Number of protein chains: 2
Amino acid sequence: MSEQISSGFLIKQRAFLKLYLITLIENKYLYGLKLRDLLKDEFKELGFQPKHPEIYKALHDLMEQGIIYQRKEKKQGTVYQEVVYYHFTDEGREKASAYKKLLKHELDRCIHLLQKAVKDNFY
Amino acid sequence: MSEQISSGFLIKQRAFLKLYLITLIENKYLYGLKLRDLLKDEFKELGFQPKHPEIYKALHDLMEQGIIYQRKEKKQGTVYQEVVYYHFTDEGREKASAYKKLLKHELDRCIHLLQKAVKDNFY
DNA sequence: AGATGAACATAGTGTTCATTT
DNA sequence: AAATGAACACTATGTTCATCT
C-alpha cells in the first residue's frame, strides 16, 4: 500500500518530495506546477531538478494518506483558469507532523551513512 | 555504457558500493561474499544490508572500467576451494583514485542536499 | 501555451534460481 | 553448505502523450 521511505539505503525521492510539499503547503499557496518550479529553483545549484510527474505523484500519495485534499480554484492572476490547490484535511496537520518526524529520522540516518562513507573512504 | 553515479537526486547504491569496494580491495584481501559480509556488518546499525548480487554487479562494473581484474585463488583457510579475489590492474590504481575523487564530490553534494532538507523542513 | 494527469518506458535493485566446489 | 553469477521480477523514476482551459 503506502510507499516505502527507503529500502535501507538512501531515502527515496518520493518521500523526500513529500516532506518538502508538506512544508510548502503549510507556508505557501501554490498549485502543482508552481510547487515544482519553486523546488526546481531551490535545488538548482545542487543539480537536482524534480520532474512534474514526481511532484504530482507525491501530492497524490499525500492525498491517499489523508493528509491533504485538492480544491480547484481560479488561478491567482490575470487569466481565468482553474488550477488545483492543496489544503490540509482536518487530521492532516497532525498526520503531517507525524510523517515529518519519521522523515527527520530518515534524513539523519542518510546523512550518517554518507558521512561514514566520506570518513571510511577518504581519511 | 558506464553507469550513472546519480540522476541528480541522491547517489546510486551501485556507485556507493563501488567506492567502498575500491577501498576494501586497497586494504584487505577478501573475495565476494566476504566483502559483502564485511559491508553488511559495517552498516548494520544504519539499517543498510547490501545484497550479494549488488556486490557482484559493482565488482563487475569495476572490471568493465578496467580498474580491477579477478583471479581465482585457493580460499585462505582449511578447506580447498577456489574463490574469486580482485586485484588492481596496472592503470587501476590511478583510475580508482580518479573515480574516488568524483565520488567525493558526489557524496558532498548529497550531504548538502540532505542537510538542506533538514534545515528547510525542521527549522 | 500552461496545467494536470495518465500511460508507457527504462533503470536500479531485490529475489530466486542454477551451477560448481 | 558456501560461492559465484545469471535470470527474473518488481519498484522507482523519467519520458512521452492526452486532455482541458
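Every value quoted in this text rests on a predicted model; they were computed, and no experiment measured them. In what follows, chains carry the letters A, B, and so on, assigned in the order in which the sequence lines appear, proteins first and then strands, with residues in each chain numbered from 1.
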For residues 40-48 of chain A, which side-chain N or O atoms pair as donor and acceptor with protein atoms under 3.5 Å away, sequence neighbours left out?
{"unit_1": "D41(A)", "atom_1": "OD1", "unit_2": "K44(A)", "atom_2": "NZ", "d": "2.9"}
{"unit_1": "E42(A)", "atom_1": "OE2", "unit_2": "K116(B)", "atom_2": "NZ", "d": "2.7"}

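Between the base of dG2(C) and the side chain of K34(A) there is no donor-acceptor pair shorter than 3.5 Å. Applying the 3.5 Å distance criterion, the base of dG14(C) shares a donor-acceptor pair with the side chain of K57(B).
The distance from atom CD of Q4(A) to atom P of dA12(D) is 6 Å, rounded to the nearest whole Å. Taking atom NZ on K72(A) and atom C1' on dT4(C), their separation rounds to 8 Å, with Å as the unit. Regarding M63(B), its CE atom lies at a distance of 14 Å from the C1' atom of dA6(D), rounded to whole Å. Rounded to an integer number of Å, the gap from CG of L35(B) to P of dA2(D) is 17 Å. Computed from coordinates, the I68(A) CD1 to dT4(C) P distance equals 12 Å when rounded to whole Å. One atom, CG of L33(B), and another, P of dT21(C), lie 16 Å apart when rounded to the nearest Å. Atom CG in L30(A) sits roughly 16 Å away from atom C1' in dT4(C) (whole-Å rounding). Atoms CD (E82(B)) and P (dT4(D)) sit 11 Å apart, rounded to a whole Å.
Shown here are the side-chain contact (heavy atoms from CB on, under 4.5 Å) partners of E94(B), two or more places apart in sequence or in another chain: there are none. A58(A) pairs by the side-chain contact (heavy atoms from CB on, under 4.5 Å) definition with R14(A), L17(A), K18(A), L21(A), not counting sequence neighbours. Evaluation of the ring-ring contact (aromatic ring centres under 6.0 Å, His included) rule for Y69(A) yields H87(A) as partners, not counting sequence neighbours. Contacts of H52(B) classified as ring-ring contact (aromatic ring centres under 6.0 Å, His included), with partners at least two apart in sequence or in another chain: Y56(B).
The salt bridge (charged side-chain N to carboxylate O under 4.0 Å, His left out) analysis of residues 21-33 of chain A, with sequence neighbours excluded, yields the pairs E26(A)-K100(A). For residues 89-121 of chain B, the set of pairs meeting the ring-ring contact (aromatic ring centres under 6.0 Å, His included) definition, not counting sequence neighbours, is empty.
For the pair R109(B) and E106(B), the salt-bridge criterion is met [side-chain N within less than 4.0 Å of a carboxylate O].
Phosphate proximity of dG5(C) to Q70(A): present, with a side-chain N or O under 4.0 Å from OP1 or OP2. An OP1 or OP2 oxygen of dG5(D) is reached within less than 4.0 angstrom by no side-chain nitrogen or oxygen of Y56(B).
Heavy-atom distances under 4.0 Å link DNA chain D to H52(B), P53(B) of residues 43-54 of chain B, given in residue order. Contact check of residues 6-16 of chain A against DNA chain D (heavy atom, cut-off under 4.0 Å) returns K12(A), Q13(A), R14(A).
Side-chain atoms of T89(B) come within 3.5 Å of backbone atoms of G66(B) as a donor-acceptor pair (strictly under, hydrogens ignored).
The listed nucleotides are dG5(D), dG5(C), dT21(D); the one nearest the side chain of Q81(A) is dT21(D).
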